[in-house]
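Below is one structure; the comments refer to it alone.
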Amino acid sequence: MGAGSLGRVRLVRFRSGSRIATGAVQGEYVRPLRGTFFEEPILTGEDIPLEDVRLLAPVLPSKVVAVGKNYAAHAAEFGSEVPEEPIIFLKPSTSVSGPDDPIPYPDTSQRVDHEGELALVIGRLARKVSAEEASKYVLGYTCANDVTARDLQLKDGQWTRAKGFDGFCPLGPWIETEFDPTDVALECRVNGEVRQAARTSDLAYGPAALVEFVTRVMTLLPGDVILTGTPDGVGPLQVGDRVEVDIEGIGVLANPVVDGA
């Protein structure tokens, strides 16, 4: 996969002035790239201080495939058990946002929840991939927040509206290309208060199993994202809150909640 030629890097999309580009974060600098993450990216030779750029959603996926009830404790808090097979659903590409982008609180909802998650990014076309081969198709990992209008989810009986609002899928701050997802700490904080805390070893279906399951249903394209599920402790957000998803070995994704009216 193309990004591998850069060695261990954190891949980003960023804005610098009026320019939007891709790059590799190395130390305190962003090194812009020619080409995409998915082909053979070439460093331009520039070095831009990280503090001088605005980080964007690291990818613009054709689809986001999310997984429900993939931690036993989260399933239990909703009165159920981990399903015999993964429960998958889609979030639209227009729900994707980046670090520090606002999460709009819809005027049609009275209960919007945070759901901190580990996300994986697909690096090449994937169809009917075995779990044993899954790592060859993963570009890397990032933080995600599967924001959910909980009252609408319960009202509708299916999840499209509740999880599909613009800004309801923050991703970032970057894609970590060298990352072992089997046992790392995940934490979600609201205004500095820990709301969710777990380890990825608690996942019922790990990333490799999810790649296998999903690609037996649909073809995944480069840049597509799988959200691996949220642990217990999901809870309400309010306008004015700041929510952070912190994953050991990746970093912190932070977003403010704003009035979406």
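By the neighbour-count criterion of 12 heavy atoms within 6.0 Å, atom CZ of Arg54 is densely surrounded, having more than that number from other residues, nucleotides or ligands. Counted within 6.0 Å of CD on Glu28, heavy atoms from surrounding residues, nucleotides or ligands total 12 or fewer; the atom is thus considered open. Residue Gln110 places its CD atom among 12 or fewer non-hydrogen atoms of other residues, nucleotides or ligands, all under 6.0 Å distant. Residue Tyr29 places its OH atom among 12 or fewer non-hydrogen atoms of other residues, nucleotides or ligands, all under 6.0 Å distant.
How far OG of Ser97 is from CZ of Phe168: 10.5 Å, rounded to the nearest 0.5 Å. With rounding to the nearest 0.5 angstrom, the CD1 atom of Ile88 is 12.0 Å from the CG atom of Leu227. Residue Leu220 holds its CG atom at 8.5 Å from CG of Leu125, rounded to the nearest 0.5 Å. Put simply, CG on Asp47 and CD on Gln26 are 8.5 Å apart, with the number rounded to the nearest 0.5 Å. In this structure, the separation between CD1 on Ile247 and CD on Glu117 is 9.0 Å, given to the nearest 0.5 Å. To the nearest 0.5 Å, atom CG of residue Asp146 and atom SG of residue Cys169 are 6.5 Å apart.
A donor and an acceptor atom, one from each side chain of Thr148 and Asp113, are nowhere located under 3.5 Å apart.
Side chain of Arg189 to main chain of Asp246: no donor-acceptor pair is present (N/O by atom type, distance under 3.5 Å, no hydrogens or angles). Listed for the Asp224 side chain is a donor-acceptor partner under 3.5 Å among the backbone atoms of Leu221. At distances below 3.5 Å, at least one donor-acceptor pair connects side-chain atoms of Asn70 with backbone N or O atoms of Tyr205. Under the 3.5 Å distance criterion, the side-chain polar atoms of Thr228 are matched with a main-chain donor or acceptor of Leu118. Under a 3.5 Å cut-off, the side chain of Arg150 and the backbone N or O of Gly235 do not form any donor-acceptor pair. Put simply, the side chain of Thr142 gets close to the backbone of Gly172: a donor and an acceptor are under 3.5 Å apart. The main-chain N or O of Ser62 is never found under 3.5 Å from a side-chain atom of Ser93 such that the two would form a donor-acceptor pair. In this structure, the side chain of Asp259 does not engage the main chain of Pro104 through any donor-acceptor pair within 3.5 Å. Looking at Asp241, its side chain never comes within 3.5 Å of a backbone N or O of Val190 through a donor-acceptor pair. With hydrogens and angles ignored, the 3.5 Å screen pairs no side-chain donor or acceptor of Ser95 with any backbone N or O of Lys91.
Using bins of under 30°, 30° to 60° and over 60° for the plane-to-plane angle, the ring pair Phe179/Tyr141 lands in the tilted bin.
Using a 4.5 Å heavy-atom threshold, the side chains of Ser16 and Phe14 count as touching. Looking at Leu11 and Thr22, their side chains never come closer than 4.5 Å, going by heavy atoms from C-beta outward. With contacts defined as side-chain heavy-atom distances shorter than 4.5 Å, the pair Arg13/Ile20 qualifies. The side-chain heavy atoms of Glu193 and Asn191, taken from C-beta on, include no pair separated by under 4.5 Å.
The cluster map of Ile, Leu, Val, Met, Phe, Trp and Tyr, joined by side-chain heavy atoms under 4.5 Å apart, puts Ile103 and Leu55 in different clusters.
For the pair Pro61 and Gly223, the tightest heavy-atom approach, listed with the atom from each and the gap, is CB-O, 3.1 Å. Scanning both residues, Pro231 and Gly116, for their nearest heavy atoms gives CD-O, 3.4 Å. Of all the heavy atoms in Ala126 and Thr215, the pair that sits closest is O-CG2, 3.7 Å. The two atoms that bring Pro58 and Leu171 nearest to each other are CD-O, 3.5 Å, heavy atoms only. For the residue pair Pro99 and Pro173, the shortest heavy atom distance occurs at CG-CA, 3.6 Å. Residues Trp174 and Ile250 share a closest heavy-atom pair of NE1-O, 2.9 Å.
Between Arg19 and Glu46, at least one side-chain N (NZ, or NE/NH1/NH2) sits under 4.0 Å from a carboxylate O, which counts as a salt bridge. The pair Arg195-Asp232 does not count as a salt bridge, with every side-chain nitrogen at least 4.0 angstrom from each carboxylate oxygen. Ion pairing between Asp52 and Arg15 fails under the 4.0 Å rule for side-chain N and carboxylate O. A salt bridge does not link Glu40 with Arg34: every distance from a Lys NZ or Arg NE/NH1/NH2 to an Asp or Glu carboxylate oxygen is 4.0 Å or more. A salt bridge is absent between Lys128 and Glu212; no separation between the charged side-chain nitrogens and carboxylate oxygens falls under 4.0 Å.
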Stepwise side-chain contact (heavy atoms from CB on, under 4.5 Å) test for Ile87 and Val67: CA-CA 6 Å; Ile87 294 175; Val67 180; 5.8 Å; no
Residues Thr200, Thr182; criterion side-chain contact (heavy atoms from CB on, under 4.5 Å); working and verdict: CA-CA 6 Å; Thr200 56; Thr182 55; 5.6 Å; no
side-chain contact (heavy atoms from CB on, under 4.5 Å) assessment of Val65 paired with Met218: CA-CA 10 Å; Val65 184; Met218 67 190 79; 3.9 Å; yes
Residue pair Ile122, Val225: steps toward the side-chain contact (heavy atoms from CB on, under 4.5 Å) verdict: CA-CA 6 Å; Ile122 294 296; Val225 172; over 6 Å; no
